[in-house]
Amino acid sequence: MENDFFLQVYQVARLIPKGRVTSYGAIAKYLSSPRASRSVGYAMNAAHNQKPGVPAHRVVNRNGLLTGKHHFHSPSEMEEKLEKEGIKVKKDQVQNFDKVLWDPSVELAM
DNA sequence: CGATTGACGTACG
DNA sequence: TCGTACGCCAATC
């Protein structure tokens, strides 16, 4: 359904498999708005208010950089969770980003 | 309704 | 290769 743009972002974010990450642009692209990467990040800003708990820590920028870690309860919580899922994070930078990258417009396809 | 902001992305120098 | 500028989309003031 054509829920709010925010809702779609949350839905996709929850679909991110464990040990995988995605980028704001990838989600935006999946929402038929490849240029709405900024809105995706904005949506994540409200993700804190979501009850289900959006795995925003699995969402990073195009560079695989944890740009949004500063918005978590703790700036280290993001990388800590990522490493906990098997993702290697080096100084806010996701290692093997291409390997752990989970693109909804590719994995979910169609 | 207009202006500003933001967890981005791409282009240009 | 690195830094700065501009554009896009949605929400908030």
Q. Could you give the CE-to-P distance, from Met44(A) to dA10(C), as a whole number of Å?
A. 16 Å
Q) Is the base of dC8(B) touched by the side chain of Arg38(A) through a donor-acceptor pair closer than 3.5 angstrom? A) yes
Q: Quick one: pull up NE2 in His71(A) and CD in Glu77(A) and give me the separation to the nearest 0.5 Å.
A: 14.0 Å
Q. Whole-Å distance between dT12(C) C1' and Phe5(A) CZ?
A. 16 Å
Q: Return the nearest nucleotide to the side chain of Tyr24(A); candidates are dG9(B), dA11(C), dC9(C).
A: dG9(B)
Q) How would you label the contact of Ala56(A) with the nucleic acid (heavy atoms, under 4.0 Å): base, sugar-phosphate, or nothing? A) base
(Q) In whole Å, I'd like the distance from the NZ atom of Lys29(A) to the P atom of dG9(B). (A) 13 Å
**Q.** Positions of residues 90-103 of chain A (non-hydrogen atom under 4.0 Å from DNA chain C), listed by number
**A.** none
Q: Have a look at His57(A) and say if it touches a base, only the backbone sugar-phosphate, or nothing, with a 4.0 Å heavy-atom cut-off.
A: nothing
Q | Per Asn61(A) side chain, nearest of listed nucleotides dA7(B), dC8(B), dG6(B) | A | dC8(B)
Q: Remember a base hit wins even if backbone is also touched, and classify Asn45(A) as base, sugar-phosphate or nothing at under 4.0 Å, heavy atoms.
A: base
(Q) Using a heavy-atom cut-off of 4.0 Å across all strands, would you classify Thr67(A) as base, sugar-phosphate, or nothing? (A) sugar-phosphate
**Q.** Donor-acceptor contact below 3.5 Å, side chain Glu107(A) vs main chain Ile16(A)
**A.** no
Q. Over how many whole Å does the gap from Phe6(A) atom CZ to dG6(B) atom P extend?
A. 14 Å
Q) When you match Ser37(A) and Ser33(A) each to their closest nucleotide on DNA chain C, which lands nearer the 5' end? A) Ser37(A)
Q) Going by heavy atoms in the side chains, are Phe5(A) and Ser39(A) under 4.5 Å from each other? A) yes
Q: Assign each of Gly25(A) and Ser39(A) to its nearest nucleotide of DNA chain B by heavy atoms, then name whichever residue's nucleotide is nearer the 5' end.
A: Ser39(A)
Q. Rounded to the nearest 0.5 Å, what separation is found between the CG atom of Asp103(A) and the CD1 atom of Ile27(A)?
A. 9.5 Å
Q. Taking atom C1' of dC9(C) as reference, at what distance in whole Å does atom CZ of Arg35(A) sit?
A. 11 Å
**Q.** Closest non-hydrogen atom pair between Ser23(A) and Arg62(A), with its separation
**A.** OG-CD, 3.9 Å
(Q) Given dG9(B), dC8(C), dT12(C), identify the nucleotide with an atom nearest to the side chain of Tyr42(A). (A) dT12(C)
Q) Separation of Ile27(A) atom CD1 from dA10(C) atom C1', in whole Å? A) 15 Å
Q.
Using 0.5 Å steps for rounding, measure from the CD atom of Gln95(A) to the NZ atom of Lys88(A).
A. 10.0 Å
(Q) Base, sugar-phosphate or nothing for Phe72(A)? Non-hydrogen atoms, less than 4.0 Å. (A) base
Q: Decide yes or no for Leu15(A) and Pro104(A): does some side-chain heavy atom of the first lie under 4.5 Å from some side-chain heavy atom of the second?
A: no
Q: Please state how far atom NE2 in His70(A) lies from atom C1' in dG6(B), giving the value in whole angstrom units.
A: 14 Å
Q) Between dA10(C) atom C1' and Tyr10(A) atom OH, what is the distance in whole Å? A) 12 Å
**Q.** Cationic N near anionic O, under 4.0 Å, Arg58(A) to Glu85(A)
**A.** yes
